[in-house]
Structures are given as structure tokens and as C-alpha cells.
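Remarks on the structure that follows.
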Amino acid sequence: VRQALEQLQGSSALFIIGPSGSGKSSLVNAGLVPALRTGALPSSENWRFASLRPGSQPLESLGELLAQLVEGTSFDLHATNELTTALQQDKKLLLRVAETLGLHNKGSRLVLIVDSLEEVWSLVGTAEERRVFLDQLIAAVEEPGTPYLIIFVLRSDYYAEAASLDRLSDLMQRNQLLVSAMGREE
């Protein structure tokens, strides 16, 4: 957890990478998130948290999450299907959502946990849907002063697939924490 917190300082993305069963999700959900909720980083006790699994339809999964986030706000789109369609057309949709949520105030952040990122290769049928989904997330974290902090959880046997995409590879190289397989005692 300490290493993850160190890497998050001044960063908008972190990839937690390790073999199946190594405790990647536990590190995030039982270690990192509680630490952030209690103020392990400046103002992190005030941050919002959301998580998603891409599944076989990552754009729909992201659209559903966005619909939950904007519920009760003045955002112009509210239905999952509207947001899913907008994700394919508006490369800055996540940033517009953040603005609606008031996350552009200094110190406000939305921590988005993308657990099982490997599903975009193992379950998604089209390269286009994979590209649009990943482009949305990458655009959100690459924006200067972004309010997003995205934690990607990736099985190491999908590292090559992720690294084959230039923008994702660049982001991974700068922001990764490797989790080794657990031993018998662990």
C-alpha cells in the first residue's frame, strides 16, 4: 500500500499488475482505497470513489457508471444508453462529467478503479469498442490538471496486449506497480 501511495503522488493513473490470484484487487479494495479514504494523500479523504469491471461491453459498463454519477445533476445526458452512445462520439465526455460533478475544484478528485482490465481483451469482441473505451480513460488521465485518478488492475498475462497499444503502453511505463504471486505463507 505504501508503494502504491508513493506512486500516486502527483499522478493521475496507476496500473496494479500481477498474476491471477496475487491479491491485486485486495491491495486496491482492502488497502489502497481505505488508506485514501482516511487521508493518506492530501485531501484524499474528500475524494469520490467509483469502480467498474469492463465486462464484455465496456462502453455500456462505463455508461452505466456515468449514469449513476450524474443522477440528480444538471448534466445533459442521464440514461445509460445515451451516455454509452456519447462515449463513442465525445472524446472529452469523462471530463464534462467531472465538471458537472464539481470535480474541477482544487483538491477534488474522482478515483475510478477499473478492475480486471484484461477483460477488454478476453471478453470484448471488437477492437473498436476496446479502443474507444481505453481512449476515453486515457484522455481523462492525460488532461492537464485532471480530476481523475484511475487505478487499473491488470493480470500480468495480458501485459503484452496492453503494451501493444502506444498510448496505453506509455501510461503503463510511467505508472505501474508489480504485485508478485503470493507464497505459501501469504
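Between Q57 atom CD and T126 atom OG1 the span is 10.0 Å, to the nearest 0.5 Å. Atom OG of S122 and atom CG of L117 lie 9.5 Å apart (nearest 0.5 Å). Put simply, CG on L177 and CD1 on I17 are 8.5 Å apart, with the number rounded to the nearest 0.5 Å. Within the model, atoms CD of E142 and CG of D170 stand 8.0 Å from one another, a figure rounded to the nearest 0.5 Å. To the nearest 0.5 Å, the span separating CG on L87 from CG on L94 amounts to 6.5 Å. For the atom pair OG (S44) and CD (Q9), the distance works out to 10.0 Å, reported to the nearest 0.5 Å.
Remark: R37 qualifies as a cation-pi partner of F49 under the 6.0 Å distance and 45° angle criteria applied to the six-membered ring.
A donor-acceptor pair is defined here as one N or O able to donate and one able to accept, closer than 3.5 Å; no such pair exists between the side chain of Q136 and the backbone of V132. A donor-acceptor contact shorter than 3.5 Å is absent between the side chain of S11 and the backbone of L8. Proximity of a side-chain donor or acceptor of S108 to a complementary backbone N or O of L103 within less than 3.5 Å is not detected. Checked by atom type and distance alone, the side chain of Q7 pairs as donor or acceptor with a backbone atom of Q176 at under 3.5 Å. Judged purely by atom type and a 3.5 angstrom limit, Y148 has no side-chain atom pairing as donor or acceptor with the backbone of L137. Side-chain atoms of S169 do not come within 3.5 Å of backbone N or O of L165 as any donor-acceptor pair. Side-chain N or O atoms of T146 include one that pairs as donor or acceptor with a backbone N or O of A140 at under 3.5 Å. Without hydrogens or angle criteria, E118 side chain to L154 main chain gives no donor-acceptor distance under 3.5 Å.
Using a 4.5 Å cut-off between side-chain heavy atoms of Ile, Leu, Val, Met, Phe, Trp and Tyr, with links allowed through other members, I151 and L65 fall into different hydrophobic clusters.
Within a 6.0 Å sphere centred on CD of Q3, other residues, nucleotides and ligands contribute 12 heavy atoms or fewer.
Each of R130, K92, R167, K91 was evaluated against D135; a single residue qualifies, R167, per the salt bridge (Lys or Arg N to Asp or Glu O under 4.0 Å) test.
Considering every non-hydrogen atom in both L101 and L69, the closest pair reads CD2-O, 3.2 Å. Residue L77 comes nearest to A86 through the heavy atom pair CD1-CB, 3.5 Å, listed as atom of the first residue, atom of the second, then distance.
A salt bridge between D76 and R96 is present, with a side-chain N of the basic residue lying under 4.0 Å from a carboxylate O of the acidic one. Here E119 pairs with R53 in a salt bridge; the nearest charged N to carboxylate O distance falls below 4.0 Å.
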